[in-house]
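Encoded as structure tokens, the structure appears first; notes follow it.
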Amino acid sequence: MVEVTLWGALAAAAEGNSKVEVEAKNIRELFKKLSERFPGLTPLMDRGIAVAIDGTIYRDTWSKELPAGAEIYLLPRLAGG
Amino acid sequence: MAGIAVSTTINGDHAEFLCHPDETLLEVLRERLGLMGVKEGCGTGDCGACSVILDDRLVCSCLVLGAEAEGRQIATVEGMAQGDRLHPLQQKFLEHAALQCGICTPGFLIAAKDLLAKNPDPTEEEIRFGLAGNLCRCTGYDKIVRAVQDAASVMRGA
Amino acid sequence: MRYIRPSSLEDAVGLLAEASGKAAILAGGSDLLVRMKGGFIEPDLIIDIKAIDALGRITESDDCFVIGAAVPCAVLGENTALRHAWPGVVEGAKLIGSKQVQGRCTIVGNLCNASPAADSVPALVAAGAKAVIKGPAGSRTIAVEMVPVAPGKTSLAPGEIIEAILLDKRPPHSGDAYQRFTPRTEMDIAVVSAAVNLTLDDQGVVEKARVALGAAAPTVLLVEEAANILIGSRVDDSTLERLAEVCSGACRPIDDKRGTVEFRKKVAGVLAKRVALTAYQRAGQK
Amino acid sequence: MTFDPSHAARSFSSVGTRPIRPDGVDKVTGRARYGADFNMPGQLIGRILRSPHAHAVIRKIDTSKAEQFPGVKAVVTAADLPDLTDGDTSMYDILDNCMARNKALYDGHAVAAVAAIDARTAKQALKLIDVEYELLPHVTDVDQAFAADAPLINETIFTTGVDPKPDRASNVSMRSQFGHGDVDAGMAEADFVVARTFKTEQTHQGYIEPHACVANVSSDGTADLWVCTQGHFVYRQHCAQLLGLEASRLRVTSSEIGGGFGGKTHVWAEPVALALSRKAGRPVKLVMTRDEVFRATGPTSATSIDVKIGAMKDGTIIAADATLRYSCGPYAGSWAEVGAMTAFACYKLENVRTVGYEVLVNRPKTAAYRAPSAPMAAFAVESAIDELAKKVGMDAVDFRIKNAAQEGTKASYGPVYGPIGIGPTLEAVKNHPHMKASLGKNQGRGMACGFWFNFGGQTCTDLNIGMDGTVSLAVGTVDVGGSRASLSLVAAEELGIDYAQVRAVIADTSSLGYNDMTDGSRGTFSSSMATISAARNAIKILRARAAQMWDIPVEDVTWEKGHAVAKGETHGNLPNLSLKEIAAASGTTGGPIAGHSEIVADGAGVSFATHICDIEVDPETGATKVLRYTVVQDAGKAVHPTYVEGQYQGGAAQGIGWALNEEYIYGKDGRLQNAGFLDYRIPVCSDLPMIDTQILEIPNPNHPYGVRGVGETSIVPPLAAVANAVSNAVGVRMQHIPMSPPRILAALEA
């Protein structure tokens, strides 16, 4: 079980929850479960979401494991210049 | 619209071409003569990427008509190196990393060549004002100015 | 479209007079080619006047300098006698565009472009320069300030060409100066500008003065009231303050992408003060 | 990949040196080929017709006269680019931006295009296209567009990120919020509070090379595109999707790129060129004019930002709050969101809240510009921080040091930081001689901090070892500022050979696996990671080949300084085999030797910088002169320090231009008034001083050498550093950027 923090716009789409507990071993599973629980998140996830695990931001490595007790943050997937 | 026959000298070599009355020297150099080192950044004389030396004057080739080249001497970046020996400015631009993307570089080299021909030992301020007609968006000009200073010193034999 | 390079002024005037469509004079090309590129003008005939020998020279007679219509501004700066006599005029001419543009642009082109912000015009107006005009009906000579009548419009009749600009030789103790305001140090168009031309008496009192402002009205302004303030003074602080006030008041500028009405008024006065001081110092040294 | 701590003490042999770049000679001799420097046999010239109106319904487009004009070979409109985006709204927006469908949404929006035998014919043909417009009310200002009664730009936009969902459409496409703690309670507790509103105008990346491409679609369904881009693989994806082509049948070759800075990260005219080529059955070259570049591509957001920060008497910031409104052009964006994330990223804050609003306006579609959105937020926050430091009575640097984020700090945008460089940059600035130099009359000094995330992303690299022992490195991240040099250094470092033995090239989309574009400061970070891994894969093969040549077990072969070294008691005396010797024998030991790498380079380390600026202001005219400028930034590890300095200096120069003079100026008619380099004033050489740099190296724990991206952070602090310098020089807080002379004079007289 990991605790995941959602940023503002995402929390609004997750019925106002800014923190949710999810049983997930990696990023792929996390996205799948969140999407099942809060269908409103799906369009935002399609637009792109990054995951910060203990401060390191992952944009594409969906196989990345979520260590127990890790600090997990969902963030918008950003554009750069 | 009949073409105008023009006979001119480019980088020391005789060149002849036909051009439209409203065709710029920049268009002629790039599209008719294949001298693509001359770049177009704006086409209105505001960026200096198309700089060439026309007789003894530094000009933007986008503000010169091809027809005006008749009987003149034109120097472009393609004529700076002697065989495989780079011009000191070219060498110093490389050593100082005075280019990032490099699109403005030919114009800067030509402008700097003209500057040093007229003022072999310029101050930093003279270099900065002398090159103010050439825009560079990558470097902040710092390394360009240093490269010109260094090249000037090499060219003076110092 | 045709491109013709006549070798005599008469031929040029003839071509211009006979042109059936739109004809354009090409000297430096730094305005013409930009307007052609932007599609603002599509001439049927381009008359390149640079092969006309007399137009490419600066000559000196006993009483004046004659600057040919095809002389690039860079050449003005290289003429020692002209630079010494009319440093303000040369300053203005040398501020047009970049070094690349300097090698091409001409003061006559700058004048005929009829922009209120033209850099060389205020100093020419302050200098009392004259334009020699050749046309189908012969020659005439008029003050340069009579050439532009509105932004982009001149008083030249169809078929007329400006052949040269005349600048008088200077009496002793004379000096002129020009400054413009631009956000960048180079490669810019005047937001507002000022030129002052002074002649002093032996005691250092201003005897004659002309003050001109650029980009302050639809055409360059010759501000007589400002000149009157300088005349009789030693260009002291209180004179300068009054000069600034009068110049600011004389402006009739617009708000545009380059500046606001308030800014132009204020800075016109500031620049007038600064150039008056420079002109006074220059005059005192001669 | 993780940082090898042994590198901290390691002395690199290639990395950290400053050799001449491999593409340098071509660039100083005029031989390098940029977007417009390529031609194809039988090529036509394409030109685009653009809307002169800021907001108008396109009633009818009659192209018949243009089609019949001699020399015209194809005319296209939106009908030739049907919507194949299948519900992908961001791609639909890109499509609509390439060619307006129902409405023209800004001055410069493409409405039709022609391909003709030459540029003159194409230009004349554009005049023969009749477009019937029905004008609509427009809005170009971010605050006016945000207002409830503003003209509506897109009736399908309902603000997301608010609960409940709004019942009517508006120009606000998204609200986003970040932060933690109780800001209101914190603010109530504060001994000192600064609250101000700031505004920044829209700027353009200002690359000197206009967008250019040559498109060639064959009747057999294959296509080629030569184009200046920051990401040819991304352009392939976009073009294939928009044109209905198979990605593998569209080969995209990236030309040398004459500057991008974020402006060449998605397609603009390329799909139009392909559509013209498809229709005409001939190659089409399309080069934008400078006017088109300004009117129709690139710009960054204009912003309006409210900031409120509270501090205790001892200088601790107790609460920080910001509301940020960012314009995104006429399509939904996520620019304010990034501004909201970066705004307070430099600080350790218990109570922080940022709210961002994306605001649609009738201006060109906003594109990324170097650390997109961060400079404006930093301007607002760092200006308020400076003012707050004064109120508290602390030195501006000390105040920031006291509140700087550090390892373990919970960032204002959420996660906890690893090792970071904000503190060290501030300490370096505090001790910098620049901070101690004296100032004259009308002169002021300002300093400011900046933050940027940096990205990694998908990366693919091939390293091929030739039989003569030279190495060809094929990279897929476009080289925007010297990365071929830095990647060659990395390959040389890993293989233990000379830099001169490596030649890096940018491979086209048919020659290498997919790569994300060069954005987010990722070029050297991610391609160096892939290069290291490709080199290590090649070394495995080199060791195996040496083992074969020696006829010993591969476990007994190590790789040291460019040589296979035999270990073990029985064959420890074998003479080392050089890479060159192994390569020469490769034909008989199993064939070509190569190393490949396909990775997602995650773990880009965040980056911080602190800048110092001295400025002189003419109080009578508002004119400014930058007297001295210093950049201190963390690079993690500088692979090619000269090009790292170049990134620092270039970002600073762009930021200075933004701070002082650059801005889009729109008339009441909604038309852009300064679409050229004369009136859009980027700094010229005589406007700037030398820009001093100091490179700090706080290793990124997620990169084997500790590399962090360096390209973008340098543009974040300048707006604020310059504004603080001007404010200190004139004694009035500057709140509107650019601080053009009329604005400074108006502020002085207010």
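Hydrogens, waters and symmetry mates play no part in the numbers below; they use all other heavy atoms, side chains included. Here is the naming used below: chain letters follow the sequence lines, and residue numbers restart at 1 for every chain.
- If you tally non-hydrogen atom pairs under 4.5 Å between each of A:A52, A:G40, A:P76, A:A50 and chain D, the highest count goes to A:P76.
- For a residue to count as touching a neighbouring chain, one of its non-hydrogen atoms must lie under 4.5 Å from one of that chain's; by this rule D:Y413 touches chain A with backbone and side chain alike.
- Scanning residues 27-39 of chain A against chain D with a 4.5 Å heavy-atom cutoff picks out nothing at all.
- Of all non-hydrogen atoms in D:G298 and D:A367, the two that sit nearest each other are O-CB, 3.3 Å.
- Side-chain N or O atoms of D:S373 include one that pairs as donor or acceptor with a backbone N or O of D:W335 at under 3.5 Å.
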_A:L75 vs D:M341, side chain to side chain contact (heavy atoms under 4.5 Å, CB included): CA-CA, chis, key distance, verdict_ = CA-CA 9 Å; A:L75 296 170; D:M341 289 172 77; 3.8 Å; yes

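- Put simply, the side chain of A:R77 never gets that close to the backbone of A:G48: no donor and acceptor are under 3.5 Å apart.
- Along residues 60-74 of chain A, the residues that come nearer than 4.5 angstrom to chain D, judged on non-hydrogen atoms, are A:D60, A:T61, A:E71, A:Y73 in order of number.
- Not one N or O on the side chain of D:R353 forms a donor-acceptor pair closer than 3.5 Å with the backbone of D:H180.
- Partners of D:Y369 according to the ring pair (Phe, Tyr, Trp, His ring centres under 6.0 Å) rule, which considers only residues two or more places apart in sequence or in another chain, are D:W658.
- At a 4.5 Å heavy-atom cutoff, D:V480 makes no contact with chain A through either its backbone or its side chain.
- Neither the backbone nor the side chain of D:T354 has a heavy atom closer than 4.5 Å to any heavy atom of chain A.
- No other option in D:I599, D:D602, D:T265, D:D88 has as many heavy-atom pairs under 4.5 Å with chain A as D:D602.
- The closest donor-acceptor contact from the side chain of D:T459 to the backbone of D:V600 lies at 3.5 Å or more, if one exists at all.
- The most heavy-atom pairs under 4.5 Å with chain A, out of D:S90, D:P415, D:A368, come from D:P415.
- Residue D:M517 does not touch chain A at all, counting heavy-atom pairs closer than 4.5 Å.
- In this pair, D:F608 and D:Y417 present their aromatic rings perpendicular. The plane angle is above 60°, beyond the 30 to 60° band.
- A donor-acceptor pair is defined here as one N or O able to donate and one able to accept, closer than 3.5 Å; no such pair exists between the side chain of D:Q406 and the backbone of D:I420.
- Checking D:R370 against D:Q205 by side-chain atom types alone, no donor-acceptor pair falls below 3.5 Å.
- The greatest number of non-hydrogen atom pairs below 4.5 Å with chain D, out of A:P43, A:A12, A:G55, A:G80, is found for A:G80.
- Within the 4.5 angstrom heavy-atom criterion, only side-chain atoms of D:F455, from C-beta onward, approach chain A.
- A donor-acceptor pair under 3.5 Å is formed between the side chain of D:N454 and the backbone N or O of D:G709.
- D:V716 is linked by a side chain to side chain contact (heavy atoms under 4.5 Å, CB included) to D:A371, D:A374, D:A378, counting only residues two or more places apart in sequence or in another chain.
- Contacts of D:Q230 with chain A are made by side-chain atoms alone, with heavy-atom separations under 4.5 Å and no backbone atom involved.
- Residue contact with chain A, scored on non-hydrogen atoms closer than 4.5 Å, involves the side chain of D:D516 exclusively.
- In this structure, chain A has no heavy atom under 4.5 Å from any part of D:K264.
- The two atoms that bring A:M1 and A:E23 nearest to each other are N-OE2, 3.3 Å, heavy atoms only.
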